[in-house]
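Some notes on the structure that comes next.
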Amino acid sequence: MSAKRSRTIRTLSLVLIFMFSGGAATASAAPIQALILYDSEPGSTYNKLGKAYAIMLSNLLGGFDTAIEMKPVEEYVAGQIDTKDITFYLGSYYDNALPAAFLTDAATTNRSLVWFKYNLWSLAWNSSYNFEATRGFRFDGLAGLNAAPSAQNMAPGFYDTILYKQRSMVKYYDYDILTNTVFADPDTGITAVTNPTIATTVVEVENGETGQRLPYVIRSGNFWYVADMPFSYIGPRDRYLVIADLLHDMLGVNTPTERLAMIRLEDVGALTNASVMQTLTDYLFSQQIEFSIAAIPRYRDPLGQWNGGVPQEIPFAQATQFRQGLTYALQRGGSVVLHGYTHQYGNAINPWTGVSGDDFEFWDIVNNRPVVGDSTEWVLGRVDAGIAEFGAFGIQPYAWETPHYHASATANRAFPQRFDTTYNRVVYYTSDVPDFAGVNGDPDFAVGQFFPYIIHRDYYGQRILPENLGNIEYDISDVDPASYFDYTWQDLLLNAEYALVVRNGVASFFFHPFWLEPSLGTPGLADLQNLVNGINQLGFTWVDGSELTPTE
């Protein structure tokens, strides 16, 4: 098989939001009633950014037994906080004029309230609310970059290191000297506990340059303050994991610590060598590891990109090597995940070759919009075709995986109509047909999100098995210009170590079988073995996604 299929959606390993969980269900008789309030300032460039963050928070809350209401804070109705078990306010818009009704209720409620980042000054600096005496801490302002970046000092530093469970969770930072653009979210709320009988510092944040520390999360009874926005620039070693874990405490959910590990063999299709699948299967079987196989039913190369200019199409019935390898794996602990129908779109280059495994199927990535013809009927037609192609040979996939993790809102809502489980990361949009340029007003946002635990219901209605560690990559740019960097087994193992800070965090990754092809000269099998051994030593227990049945 060619190395072409090593191309993955790397932007989902680090979510740069400006560029564009499964917790066990609680045993309570009724779901936790949660309200998410977010800033909305029509006419501003970042009007819909608050909604994007709210979607991400709602997804994490989907890892618990919650009923979620999400709305702009501007639409808050007096008394609403006290009708909910917990309210989250996402302060993403600096100095937003918050409704008086919300501030009054926030100052007096005994219900749980979690406040993120901006605008706490509207409450803390208004003497009529008696904030410090009531909450036991004061708010002193904001800290940003230590200095303006320059050619001489490109990384001046900020409060970038969140200290949690013996881990340093470092926030993302990058600086483009040519455009003088900072890619980071450095603003941090400055607080101090003044009455330790009322308030406590739960988590600290450190300035990576000066070593100074501030509270990152403060708790005062049922009132929580988080000093930044943990949904911006997220990554597998980021403070996003801190919030994913603290949600258990904020919600009052007693979740037992459970360490599960999962592996998925990726982009298995017509060109996958049966002997490679046998080698991988034998190794995993010898380790008593059951595994998932992301399988593509029909291979298409409509432009002949990898067939000497001659178009090629191989249905599953004619894919002898594919069927042999899949049959061998299914008899030894493998379970199939339907990974698209063709994993490419029509006869178009979208964006690389038009070949199965290379390109997007349910999103026009070239123009960053839904594909032509996108509809529930069209999506289900392709899903049903894939199910039928495997079904003719008695193979029943247990879950769905979106090609390159990227599909339209319409498609993401359609997938649960055929599969009760989705096994991937997801891209979410602030509108079903997003207007990223803001031609019709406020621009939309797209955010990619990974999950540290099972999500029982996400924003699109999907139940999601997580993939949170990434995948092994090698720099083979001499063969494939798109595969130009290394992501080592040690990188994935470090991600797994960080996943341990989440009390029910999983260690889930995928591996491309083609890394075993001798022509590539990579130590694929040895690196996979090292990764598996390392995850074993961390105390994770291997499970196959098919064993994690939906909670009734």
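Since this is a predicted model, take the numbers as computed values, not measurements. One-based numbering along the sequence shown.
In terms of modelled atom types and a separation under 3.5 Å, the side chain of S232 and the main chain of M229 share a donor-acceptor contact. Although no hydrogens or angles enter the test, the distance criterion places a donor-acceptor pair under 3.5 Å between the side chain of R425 and the main chain of E467. Of the possible donor and acceptor atoms, one in the side chain of D364 sits under 3.5 Å from a partner among the backbone N and O of N367. Side-chain atoms of H406 never come within 3.5 Å of backbone atoms of V427 as a donor-acceptor pair (strictly under, hydrogens ignored). Proximity of a side-chain donor or acceptor of D85 to a complementary backbone N or O of Q33 within less than 3.5 Å is detected. The backbone N or O of S168 lies less than 3.5 Å from a partner atom in the side chain of Y498, making a donor-acceptor pair. Of the possible donor and acceptor atoms, none in the side chain of T109 sits under 3.5 Å from a partner among the backbone N and O of D105. Between the side chain of T66 and the main chain of A34, no donor-acceptor pair closer than 3.5 Å is present. The main-chain N or O of L241 is never found under 3.5 Å from a side-chain atom of Y164 such that the two would form a donor-acceptor pair. Judged by distance alone, with hydrogens and angles left aside, the side-chain atoms of N59 form no donor-acceptor pair with the main-chain N or O of D458 at under 3.5 Å.
Within the structure, salt bridge (charged side-chain N to carboxylate O under 4.0 Å, His left out) contacts touching residues 120-138 (residues at least two apart or in different chains) are R138-D140. Within the structure, salt bridge (charged side-chain N to carboxylate O under 4.0 Å, His left out) contacts touching residues 111-130 (residues at least two apart or in different chains) are K117-D185.
Minimum heavy-atom separation, T161 to G208: OG1-CA, 4.5 Å. Residues F450 and G235 approach most closely at CZ-O, 3.4 Å, considering heavy atoms. Pairing each heavy atom of N468 with each of S508, the nearest pair is OD1-N, 2.9 Å. Of all non-hydrogen atoms in F362 and G340, the two that sit nearest each other are CE1-CA, 4.5 Å. Closest heavy-atom contact between Y172 and F158: O-CZ, 4.1 Å. In plain terms, the two heavy atoms of V170 and D238 that are nearest each other are O-OD1, 3.9 Å.
When side chains are defined from C-beta on, F419 counts as touching P397, because their heavy atoms get closer than 4.5 Å.
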### Message
Working note: Y173 + Y233, criterion ring pair (Phe, Tyr, Trp, His ring centres under 6.0 Å); need CA distance, chi angles, decisive distance, verdict.
### Response
CA-CA 9 Å; Y173 176 86; Y233 296 93; 9.8 Å; no

### Query
So F88 and Y38, ring pair (Phe, Tyr, Trp, His ring centres under 6.0 Å) or not? Walk me through it.
CA-CA 8 Å; F88 299 86; Y38 59 90; over 10 Å; no

### Candidate pair F510 and D267, rule side-chain contact (heavy atoms from CB on, under 4.5 Å), full reasoning
CA-CA 10 Å; F510 64 91; D267 290 337; over 6 Å; no

### Query
What do the steps show when you test W363 against Y429 for ring pair (Phe, Tyr, Trp, His ring centres under 6.0 Å), and what is the final call?
CA-CA 12 Å; W363 184 257; Y429 313 97; 4.8 Å; yes

### Query
Between L163 and R213, is a side-chain contact (heavy atoms from CB on, under 4.5 Å) present by the stated rule, with each step listed?
CA-CA 10 Å; L163 307 171; R213 293 185 180 183; 3.3 Å; yes

### Task
Apply the test side-chain contact (heavy atoms from CB on, under 4.5 Å) to residues V114 and I86: give CA-CA distance (whole Å), side-chain angles for both, the deciding distance (0.1 Å), then the verdict.
CA-CA 8 Å; V114 184; I86 186 167; 4.1 Å; yes

### Query
Between E206 and Y216, is a side chain to side chain donor-acceptor pair (under 3.5 Å) present by the stated rule, with each step listed?
CA-CA 9 Å; E206 184 175 88; Y216 179 69; over 6 Å; no

### Query
Can you check side-chain contact (heavy atoms from CB on, under 4.5 Å) on N412 and Q462, steps first, answer last?
CA-CA 8 Å; N412 279 315; Q462 301 173 109; 3.7 Å; yes

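A side-chain N or O of S292 and one of Y398 form a donor-acceptor pair less than 3.5 Å apart. One side chain, H248 or N504, offers a donor N or O that lies under 3.5 Å from an acceptor on the other. Side-chain contact check for E41 and Y46: no donor-acceptor pair (N or O, by modelled atom type) lies under 3.5 Å.
In terms of the side-chain contact (heavy atoms from CB on, under 4.5 Å) criterion, residue partners of A437 (sequence neighbours excluded) are, by chain and number, D435, V439. Taking E497 as the reference, R167 meet the salt bridge (Lys or Arg N to Asp or Glu O under 4.0 Å) condition, with sequence neighbours excluded. Residues meeting the side-chain contact (heavy atoms from CB on, under 4.5 Å) test with T410, sequence neighbours left out: D374, T376, S408. Partners of S335 under the side chain to side chain donor-acceptor pair (under 3.5 Å) rule, at least two apart in sequence or in another chain, are D544, S546.
I198 contributes atom CD1, which lies 12.5 Å from atom CD1 of I218 (distance to the nearest 0.5 angstrom). With values rounded to the nearest 0.5 angstrom, T402 atom OG1 is found 9.5 Å from H343 atom NE2. In this structure, NZ on K71 lies 13.0 Å from CD1 on I36, to the nearest 0.5 angstrom. Taken from OG1 in T257 to CG in L500, the straight-line distance is 10.0 Å, to the nearest 0.5 Å. Taking OG1 from T422 and CD from E401, the interatomic distance works out to 10.0 Å, rounded to the nearest 0.5 Å.
A distance below 6.0 Å separates the ring centres of F102 and Y89. Ring centers of F131 and F137: under 6.0 Å apart, within the cut-off. For an aromatic pair to be called close, the ring centres must be under 6.0 Å apart, and H456 with F64 fails this. Aromatic rings of W400 and Y341 (six-membered ring for Trp) have centroids beyond the 6.0 Å cut-off, not under it. Taking the six-membered ring for Trp and the full ring otherwise, the centers of Y94 and W121 sit less than 6.0 Å from each other.
Salt bridge annotation for E69-K84: present, with a cationic side-chain nitrogen under 4.0 angstrom from a carboxylate oxygen. Here D420 does not pair with R463 in a salt bridge; the nearest charged N to carboxylate O distance is not below 4.0 Å.
Applying salt bridge (charged side-chain N to carboxylate O under 4.0 Å, His left out) to K48 and the options D444, D442, D39 leaves one that passes, D444. Here the rule is side chain to side chain donor-acceptor pair (under 3.5 Å) with Y118, and of N96, D187, D228 only D187 fits it.
Atom CZ of R382 sits in a crowded spot, with more than 12 heavy atoms from other residues, nucleotides or ligands closer than 6.0 Å. Around atom CG of N110, no more than 12 heavy atoms belonging to other residues, nucleotides or ligands sit under 6.0 Å away.
Between F509 and W542, the angle of the ring planes goes over 60°, which puts this pair in the perpendicular group of the 30/60° scheme.
For the pair R264 and Y423, the cation sits on the ring face: its NZ or CZ lies under 6.0 Å from the ring centre, inside 45° of the axis.
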